[in-house]
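Inspection log for the structure reproduced underneath, given as structure tokens.
Both ligands and their constituent atoms are indexed starting at 1 by order of listing. Computed from a predicted model, the values in this text were never measured in an experiment.
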Amino acid sequence: MNAEGQRLSHLLDFSGWDEAGVRRIFETADAMAEVLKRPIKKVPTLQGRTVATVFFEPSTRTRTSFELAARRLSADVVSFSPGTSSLKKGESYKDTLLTLAAYGVDLFVIRADAAGVPAQATRWVRASVVNAGDGRRAHPTQALLDAYTLEQVIGPLRGKKIAIVGDILHSRVARSDAELFSLLGAEVWLSGPASLLPKTPFFGARMTPNLKEALSEADAVIALRIQKERMEGGLLPSEEEYRASYQINEATLALAKPTAPLLHPGPMNRDLEVDGRLADGPRSLVLRQVESGLAIRMAVLYHCLVGGGKA
Ligand code: CP
């Protein structure tokens with residue numbers, strides 16, 4: 001998206017975006033956050049529009065917040081559950097989406113285990129498509145809410161050092177965070193065991209297995225979930241080894257700036273990639289990320305279905 005003010009057809013990743021486009025989403029999210037503070041947290045903006053959440057992979061935060069975001073904007077919501085659907089009888093993703101589209105869905109929020117499913121969906125249906133996470137490729141609304149939360153605490157990301165630590169190899173959050181934070185002028189560092197780092201870093205990020213180098217003087221630290229479900233044999237050193245070398249805890253967070261906040265996109269393996277006490281402590285932004293997610297997703301729905309000027 002750019003600053004021109006046109007409607008956002010789809011949100012798949014940040015290719016073609018510029019900083020002004022991101023700022024427009026953040027301004028709209030500010031307006032949505034104001035709505036969420038009112039006694040009646042609902043506006044008629046999307047009355048008569050239909051949003052379908054189609055999650056072929058499990059989710060708590062992304063799905064709940066998109067459904068709540070759509071309802072707060074007065075849209076109708078179709079919540080598709082794969083486990084009780086005709087997918088179980090062998091129906092394809094394509095026929096599932098075509099069927100839902102025939103009911104007049106205006107926007108699909110899609111999460112899939114395979115990279116590229118939301119992009120393919122844009123060729124199958126005429127509705128807008130928002131990527132809610134596809135394989136290890138992208139999770140753009142998570143990156144938007146991460147950047148939005150971070151800027152509220154540490155100010156503009158331009159020139160800031162952001163360290164992302166953990167299972168980088170399998171992480172769509174790391175990719176989208178690196179893409180968006182770089183677009184906003186941050187210096188992104190990726191760190192984790194060599195077996196959990198990709199062959200080449202992405203979106204101009206720096207990459208090192210040396211945690212101290214990545215965390216040194218960082219303005220913010222993002223811990224990532226160890227994705228046990230995507231772990232092929234031998235990639236993860238023992239959990240004990242991981243904890244000893246890469247866990248974000250008081251000692252490792254002390255390598256960053258004393259003011260650096262801790263973020264985690266969730267879900268969290270408490271006391272594995274992050275010390276649970278730190279996640280519950282005053283430097284943790286974990287629940288602020290969740291809260292921001294609602295305002296950001298309202299803003300994304302608004303720009304996809306209404307667009308134009310300010311909300
Ligand atoms: N961060 C995130 O995508 O969480 P969920 O899998 O719970 O949606």
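- Of all the heavy atoms in Leu278 and Glu250, the pair that sits closest is CD2-N, 4.1 Å.
- By the 3.5 Å distance cut-off applied to N or O atoms, Gln142 is counted among the residues near ligand 1.
- Put simply, CG on Leu180 and CZ on Arg175 are 15.5 Å apart, with the number rounded to the nearest 0.5 Å.
- The shell of residues lying under 4.0 angstrom from ligand 1, judged by heavy atoms, excludes Gly133.
- Protein heavy atom in closest approach to atom 4 (O) of ligand 1: Arg61 NE, 3.1 Å.
- Contact atoms of ligand 1 toward Thr62: 2 (C), 3 (O), 4 (O), 5 (P), 8 (O) (distance under 4.0 Å to a heavy atom of the residue).
- If you number the atoms of ligand 1 from 1 as listed, the ones under 4.0 Å from a heavy atom of Thr60 come out as 5 (P), 7 (O), 8 (O).
- Closest protein heavy atom to atom 6 (O) of ligand 1: Arg111 NH1, 2.8 Å.
- Put simply, the side chain of Glu187 does not reach to within 4.5 Å of the side chain of Ile162, judged on heavy atoms.
- Listed for the Ser292 side chain is no donor-acceptor partner under 3.5 Å among the backbone atoms of Leu145.
- Aromatic ring centres of Phe80 and Phe55: separated by at least 6.0 Å.
- Between atom 1 (N) of ligand 1 and the options Pro58, Pro265, Pro267, the minimum heavy-atom separation is to Pro265.
- Rounded to the nearest 0.5 angstrom, Leu144 CG and Asp177 CG are separated by 9.5 Å.
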